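Please read these numbers as outputs of a predicted model, since none were measured by experiment.
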Amino acid sequence: MAGLQRMDELSAADWLVGSGWGSGAEPMRLITFGPPGFAAYARLRFIPDPAGPGLSEADVFLPEDHPSEIEQSRIALRTLASGSEAADCYFCVWEGYTGSFLSPELTRGPLVTLPHRRYVLFAGPLAEVERWEDHFGAGRPCPPPAFAWPADHAWCFTSDVDPHWAGIAASAAAVTSLTTHPSLDVVPASPDRPPQAYDS
């Protein structure tokens, strides 16, 4: 795992743990959109939103060349990094992927604990997302980071296990660069108004 360091010292995630969205009725906002206080929020839609009620993700037709979630996330993260000092970043990987994408050995240590989720914390350059599948999928497609953010907290990328989209918290200019990106399906969003979800 050259370039990525598994962190036992978790203070880099204190801004998530101490977030104003981490308690009460709001914790799902934190794990799907990131912390409060950003100028703009958006959703990176891995697949289109449901066209109506009662649909499951299996009902969605995707072309064979449709990019994977990690491929789409990589483009979004590179775009976010282009507007900030993002050489040093932090990444959270959900412990629930243990045995599927995550080695059990990596969860035998301190974990970042948020409502409903616990994560392994890693540090390293953002360029490590280019090798994400090698790190966590044995070379095969695997889920994106559950959280990714630069040391300067200029933005936060979140990809929870349940939604069909990833949440992005950033500046208004950064969100505009994503919504106008020709290779991404990104739409402005409000953490106060969660979009329609697919049936399980």
Side-chain angles (χ1 to χ4, degrees), residues 16 21 28-84 86 89 91-94 96-97 101 117 119 126-133 135-137 140-150 153-200:
L16 301 178
W21 284 348
M28 291 305 294
R29 297 183 195 178
L30 175 60
I31 63 176
T32 54
F33 279 107
F38 281 87
Y41 292 84
R43 292 188 301 121
L44 165 61
R45 297 188 289 199
F46 296 130
I47 61 175
D49 288 337
L55 296 176
S56 70
E57 292 188 16
D59 297 318
V60 180
F61 171 78
L62 296 174
E64 289 187 6
D65 61 351
H66 188 78
S68 67
E69 293 183 5
I70 183 57
E71 289 172 333
Q72 295 177 65
S73 299
R74 212 169 359 239
I75 297 171
L77 287 165
R78 285 198 299 258
T79 304
L80 287 166
S82 68
S84 70
C89 287
F91 307 91
C92 284
V93 178
W94 180 46
Y97 290 131
F101 303 104
R117 303 281 190 269
Y119 309 92
L126 185 66
E128 291 305 312
V129 299
E130 304 300 330
R131 294 177 287 279
W132 200 254
E133 299 96 317
H135 291 317
F136 300 110
R140 301 183 306 275
C142 63
F147 283 90
W149 70 91
H153 296 180
W155 47 263
C156 185
F157 173 93
T158 67
S159 180
D160 189 54
V161 65
D162 290 332
H164 62 282
W165 47 269
I168 295 163
S171 67
V175 166
T176 297
S177 69
L178 290 167
T179 58
T180 57
H181 197 290
S183 299
L184 295 174
D185 180 10
V186 176
V187 292
S190 170
D192 296 326
R193 295 190 296 274
Q196 184 178 347
Y198 284 99
D199 287 352
S200 300

Self-check item: Closest approach of A170 to L80 (non-hydrogen atoms, all atoms of both residues)
Solution: CB-CD2, 4.0 Å
Quiz prompt | Between CG on residue L178 and OG on residue S183, distance to nearest 0.5 Å | solution = 12.0 Å
Self-check item: I168 vs F38 side-chain heavy atoms within contact, under 4.5 Å
Solution: no
Practice problem: State, yes or no, whether a side-chain contact exists between W165 and D160 at a heavy-atom distance under 4.5 Å. | Solution: no
Quiz item: Looking at F157 versus F147, is the centre-to-centre ring distance below 6.0 Å?
Solution: no
Quiz prompt | Side-chain heavy-atom pair I47, L62 within 4.5 angstrom cut-off | solution = yes
Quiz prompt | Nearest-0.5 Å distance, OG of residue S82 to CG of residue L77 | solution = 11.0 Å
Quiz item: Which atom pair, heavy atoms only, marks the closest approach of W155 to A148?
Solution: CZ3-O, 3.3 Å
Exercise. Specify whether Y41 and F33 have parallel, tilted or perpendicular ring planes, treating 30° as the upper limit for parallel and 60° as the lower limit for perpendicular.
Key: perpendicular
Quiz item: Where the side chain of R74 meets the backbone of V129, is there a donor-acceptor pair that is under 3.5 Å apart?
Solution: yes
Quiz item: Can you check whether C142 reaches Y97 side chain to side chain, under 4.5 Å on heavy atoms?
Solution: no
Practice problem: Would you check if V93 and F101 make a side-chain contact, meaning some heavy-atom pair closer than 4.5 Å? | Solution: no
Quiz item: When rounded to the nearest 0.5 angstrom, what distance separates OG in S73 from CH2 in W132?
Solution: 10.0 Å
Quiz item: Would a 4.5 Å heavy-atom cut-off, applied to side chains only, mark R117 and V161 as touching?
Solution: yes
Self-check item: Criterion side-chain contact (heavy atoms from CB on, under 4.5 Å) on Q72 and L44, from CA distance to verdict
Solution: CA-CA 8 Å; Q72 295 177 65; L44 165 61; 4.2 Å; yes
Quiz prompt | W149 and C92, any side-chain heavy atoms less than 4.5 Å apart | solution = yes
Quiz item: For E57, which residues count as a side-chain hydrogen bond (donor to acceptor under 3.5 Å, both in side chains) partner, sequence neighbours excluded?
Solution: none
Quiz item: Looking at L30 and T158, what are the two nearest heavy atoms and their distance?
Solution: O-CG2, 4.2 Å
Self-check item: Residue pairs fulfilling ring-ring contact (aromatic ring centres under 6.0 Å, His included) with at least one residue in residues 51-76, sequence neighbours excluded
Solution: none
Practice problem: Specify the closest pair of heavy atoms between A39 and A172, including all atoms of both residues, with the distance to one decimal. | Solution: CB-N, 4.0 Å
Self-check item: Residue pair P35 / L16, side-chain heavy-atom distance below 4.5 Å
Solution: yes
Quiz prompt | Shortest non-hydrogen separation from P48 to V60 and the atoms involved | solution = CD-CG1, 4.1 Å
Self-check item: salt bridge (Lys or Arg N to Asp or Glu O under 4.0 Å) partners of E69, counting only residues at least two apart
Solution: none
Exercise. Sort and list the pairs that fulfil ring-ring contact (aromatic ring centres under 6.0 Å, His included) and have at least one residue in residues 177-200, not counting sequence neighbours.
Key: H164-Y198
Exercise. Please name all residues satisfying salt bridge (Lys or Arg N to Asp or Glu O under 4.0 Å) with D185, sequence neighbours left out, ordered by chain then number.
Key: R45
Quiz item: When you measure from the side chain of Q196 to the backbone N and O of G52, does any donor-acceptor pair fall under 3.5 Å?
Solution: yes
Exercise. Kindly compute the distance separating CD1 (I70) from CD (E130), expressed to the nearest 0.5 Å.
Key: 9.0 Å
Quiz prompt | Euclidean distance, S159 OG relative to W94 CH2, rounded to 0.5 Å | solution = 11.5 Å
Practice problem: Test side-chain contact (heavy atoms from CB on, under 4.5 Å) on L126 and R78 and set out the steps. | Solution: CA-CA 8 Å; L126 185 66; R78 285 198 299 258; 5.6 Å; no
Quiz item: In Å and rounded to the nearest 0.5 Å, what is the CD to CZ distance from E128 to F136?
Solution: 9.5 Å
Practice problem: May I have all residue pairs that pass salt bridge (Lys or Arg N to Asp or Glu O under 4.0 Å) and include part of residues 31-41, sequence neighbours excluded? | Solution: none
